[in-house]
**Student:** 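This is the structure I want to talk about, given as structure tokens.
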Amino acid sequence: MPERVETNVSPTLSAKALGSSCPPRTVIPPPSTVSLLSFSFPPRKFIILGLSVVGIAGIYVLVKKGKLTLPRTSTLRSWKFPNFDLRQYLPHLRLQPTLSASEKSNSLHFGQLKFGYQDVFDVESAITGFGSQDWEQTHAPATQTAVAIGRILQSGAACTGKQTMDEFGLSMFGRNKRDGIAENPVVPKYFAGGAASGSGVAVASNTCDFALALDTIGGVRNPASFCGIFGYRASHEAISTVGVTPVSPSLDAVGVLSRDVHVLHQVVKLLLQQPDLERGLPSSVLVADDCFSQSSISTVRTADLIARAVSETLGRSLVHHVNLGALIASSVPTLRNFLMEEERLLKQDTSRYTTFDGLRDAMLLILRGEFRDKHRKWFKDVDPELSSDVDVRVKFAMAPYIDGLHKMALKIKEETRAAMNEILLMDSLLVMPSTPSLPPLKEAKGKELEIFESRALSMLSLASMSGCCQVTVPLGSARGIPISVSVLARHGGDMFLLESLMELNARIQMEVDVLRQIKPSVKDNHIIARNSVLQEISPDLKTGKRRRPTT
């Protein structure tokens, strides 16, 4: 079933209803009302007596010598002269000067933007459905609007309505029992990703300029990667989750999806409510070589591309290649004990686990416990009918869990945040894959999807467990299928991350354009990607010996 994107907007979706007025929109006068006399020319340099041929030649000479410039607000289209095109006489006049990244972002107006929101955000007088028809039928309308939605509405942006999601935010392929499988507008044969499947589809299909969604274990980053758009996950608790239906409170973070990095920057800046500060550029950019070695997408189109963009923009000396798994394992001592206990208590073979496999299991235990605590009573009372993959996750969450392992998982989360903040310090960025391979085909089933999900969650777990901010950056496509990378900054470094991306993105897209002219590598073939066997040697967490991990 095609993705359903609701566009009916409740009358309460207005800034007026929230008790504040929208900022006035900038009104640009029609071209016929703009006068040349409104320009402020230095009197000692040039005096306009009339626009004769001599006068035009005088303007040309002064512009060529750099003694005359026009304000940025002026354009030659505003000069109304019958049957006369002034541009042919002023070839050196810069009528639309190149704006810096920050200037372009500041030039955007929210009144010109449209947004939607995932079905976890409360809007006054509307029912929050949590992706479930049973949930929607058993809950009353919200009495208040979520804080994040309220801030966007007060900015003047127009709301296109609520967007569908995977049931309870527990899937990652865009499947919903009521609404069917979300259709990826870029590559319809492939999954659109989840849990914010509807938000990713709406933004990628140009239904709205941006969308607000919840990222718990990849709910924003995953559909952004699958649909070829930007997907930002905020630092944990950096953006208010008041009025958002929780999945797992200690992992939940508000996210934003957008096609345009400037829109993304503007929205995040508004949501963070931080004062304007002078932020420097990154002092180092770390490339996680061990993570890229586990990805079946060519590093020429991912890690190497980002390294070239950083080298050309900020300098070659800023790029450093690291073994991220080893760095984290050395700073998260509880992780080794956790895997030993997991093997002993759950009879689960962890001998071939990587650092990120351990983080994934700890993350899922935390998700399981917190989802159970929040929603156990409702599931017991209602006993909803669920899609097969969500039903398995809910039953797993509702089953009794081992308290000792859960406490160790929470300890791992604390240690991982401290470790990542130490690795990234105040002004470093980390580059790693968004997903382990290209998105799966919608016809894929069973074990194939389980393997992809397991590997994907291993990579997505780092930001969720550390609370770091992360943004998925689209890098064009391989054989027509979107590919991307993720860039992380320390917890609380959200504006630093976005402003650094603003500086780098132009060069990144230039590198993407260059690679479009190159024949894709055979490694980019999706069949190879889904069935690749990892060959990179990595250390065993418990024994310290070198071994070959498996998928």
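Bear in mind that the values here come from a model prediction, so they are computed numbers and not experimental data.
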**Student:** Looking only at side chains, do Asp290 and Ser293 share a donor and an acceptor under 3.5 Å apart?
**Tutor:**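 Their side chains do not contain a donor-acceptor pair, so the 3.5 Å distance test is not met.
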
**Student:** What residue among Arg507, Met502, Glu503, Gln509 forms side chain to side chain contact (heavy atoms under 4.5 Å, CB included) with Asn505?
**Tutor:**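 So the option named by the test is Gln509.
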
**Student:** Is Leu462 close to Leu324 at the side-chain level, that is, under 4.5 Å between some pair of heavy atoms?
**Tutor:**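 With C-beta onward as the side chain, the pair touches.
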
**Student:** Is the gap between the ring centers of His139 and Phe130 under 6.0 Å?
**Tutor:**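 That pair fails the under 6.0 Å test.
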
**Student:** Is the distance between the ring centroids of Phe210 and Tyr232 less than 6.0 Å?
**Tutor:**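 Phe210 vs Tyr232: aromatic centres not under 6.0 Å.
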
**Student:** In this structure, which one of Leu113, Val267, Leu270 forms a side chain to side chain contact (heavy atoms under 4.5 Å, CB included) with Ser155?
**Tutor:**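 Between Ser155 and the candidates, side chain to side chain contact (heavy atoms under 4.5 Å, CB included) is satisfied uniquely by Leu270.
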
**Student:** Would you sort out whether Glu448 and Arg455 count as a salt bridge (charged side-chain N to carboxylate O under 4.0 Å, His left out), showing the intermediate values?
**Tutor:** CA-CA 11 Å; Glu448 186 178 340; Arg455 294 177 60 198; over 6 Å; no

**Student:** Answer with yes or no whether the side chains of Thr143 and Glu124 bring together a donor and an acceptor at under 3.5 Å.
**Tutor:**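 The answer is no; no qualifying pair exists.
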
**Student:** Could you check whether any side-chain heavy atom of Thr245 comes within less than 4.5 Å of a side-chain heavy atom of Thr128, counting everything from C-beta outward?
**Tutor:**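 Thr245 reaches Thr128 side chain to side chain.
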
**Student:** Is there a side-chain contact (heavy atoms from CB on, under 4.5 Å) between Met495 and Leu272 once you walk through the steps?
**Tutor:** CA-CA 8 Å; Met495 287 312 300; Leu272 288 173; 3.5 Å; yes

**Student:** Under a 4.5 Å cut-off applied to non-hydrogen side-chain atoms, are Tyr190 and Lys442 in contact?
**Tutor:**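 No, every pair of side-chain atoms sits at 4.5 Å or beyond.
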
**Student:** Does any non-hydrogen side-chain atom of Ile239 lie less than 4.5 Å from one of Val256?
**Tutor:**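 Side chain of Val256 against side chain of Ile239, heavy atoms only: no contact under 4.5 Å found.
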
**Student:** With the side chain counted from C-beta on, respond yes when Met465 and Ile412 share a heavy-atom pair under 4.5 Å apart, and no when they do not.
**Tutor:**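 A side-chain contact exists here, since the closest heavy-atom pair is under 4.5 Å.
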
**Student:** Do the side chains of Leu214 and Val247 get nearer than 4.5 Å, heavy atoms only?
**Tutor:**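 Of all side-chain heavy-atom pairs linking Leu214 with Val247, at least one is under 4.5 Å.
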
**Student:** Does the side chain of Met432 reach to within under 4.5 Å of the side chain of Val287, using non-hydrogen atoms?
**Tutor:**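 No, side chains not in contact.
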
**Student:** Who passes salt bridge (charged side-chain N to carboxylate O under 4.0 Å, His left out) against Lys377, sequence neighbours left out?
**Tutor:**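 Result, salt bridge (charged side-chain N to carboxylate O under 4.0 Å, His left out) vs Lys377: Asp381.
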
**Student:** Would you say the side-chain atoms of Asp166 pair up with the backbone N or O of Gly169, donor to acceptor, closer than 3.5 Å?
**Tutor:**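 No; judged by distance alone, with no hydrogens or angles, the pair does not exist.
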
**Student:** Taking the six-membered ring of Phe396, is NZ or CZ of Arg368 closer than 6.0 Å to its centre and within 45° of its axis?
**Tutor:**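 Pair Arg368/Phe396 counts as cation-pi.
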
**Student:** Restricting to non-hydrogen atoms, name the atom on Pro223 and the atom on Gly194 that form the minimum distance, rounded to 0.1 Å.
**Tutor:**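 The pair with the smallest heavy-atom distance is CD-O, 3.4 Å.
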
**Student:** Show every ring-ring contact (aromatic ring centres under 6.0 Å, His included) that has at least one partner inside residues 450-501, sequence neighbours left out.
**Tutor:**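 The answer is Phe226-Phe452.
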
**Student:** Please step through side-chain contact (heavy atoms from CB on, under 4.5 Å) for the pair Phe110 and Gln266, ending with a clear verdict.
**Tutor:** CA-CA 9 Å; Phe110 273 96; Gln266 186 185 31; 3.3 Å; yes

**Student:** Would the distance check show the side chain of Arg233 and the main-chain N or O of Asp215 forming a donor-acceptor pair, the cut-off being under 3.5 Å?
**Tutor:**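 Answer holds: yes.
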
**Student:** Side chains of Met398 and Phe379, heavy atoms from C-beta outward: is any pair under 4.5 Å?
**Tutor:**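 With C-beta onward as the side chain, the pair touches.
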
**Student:** Name the orientation class of the two ring planes belonging to Trp135 and Phe168 (parallel below 30°, tilted from 30 to 60°, perpendicular beyond 60°).
**Tutor:**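 Because their plane-to-plane angle is over 60°, the rings of Trp135 and Phe168 count as perpendicular.
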
**Student:** Report the C-alpha distance between Ser454 and Ile451 in whole Å, list the side-chain angles of each, state the deciding distance to 0.1 Å, and finish with yes or no for side-chain contact (heavy atoms from CB on, under 4.5 Å).
**Tutor:** CA-CA 5 Å; Ser454 177; Ile451 292 174; 5.9 Å; no

**Student:** Take Ser486 and Arg221 through the side chain to side chain donor-acceptor pair (under 3.5 Å) test and state the conclusion after the steps.
**Tutor:** CA-CA 8 Å; Ser486 283; Arg221 293 164 287 163; over 6 Å; no

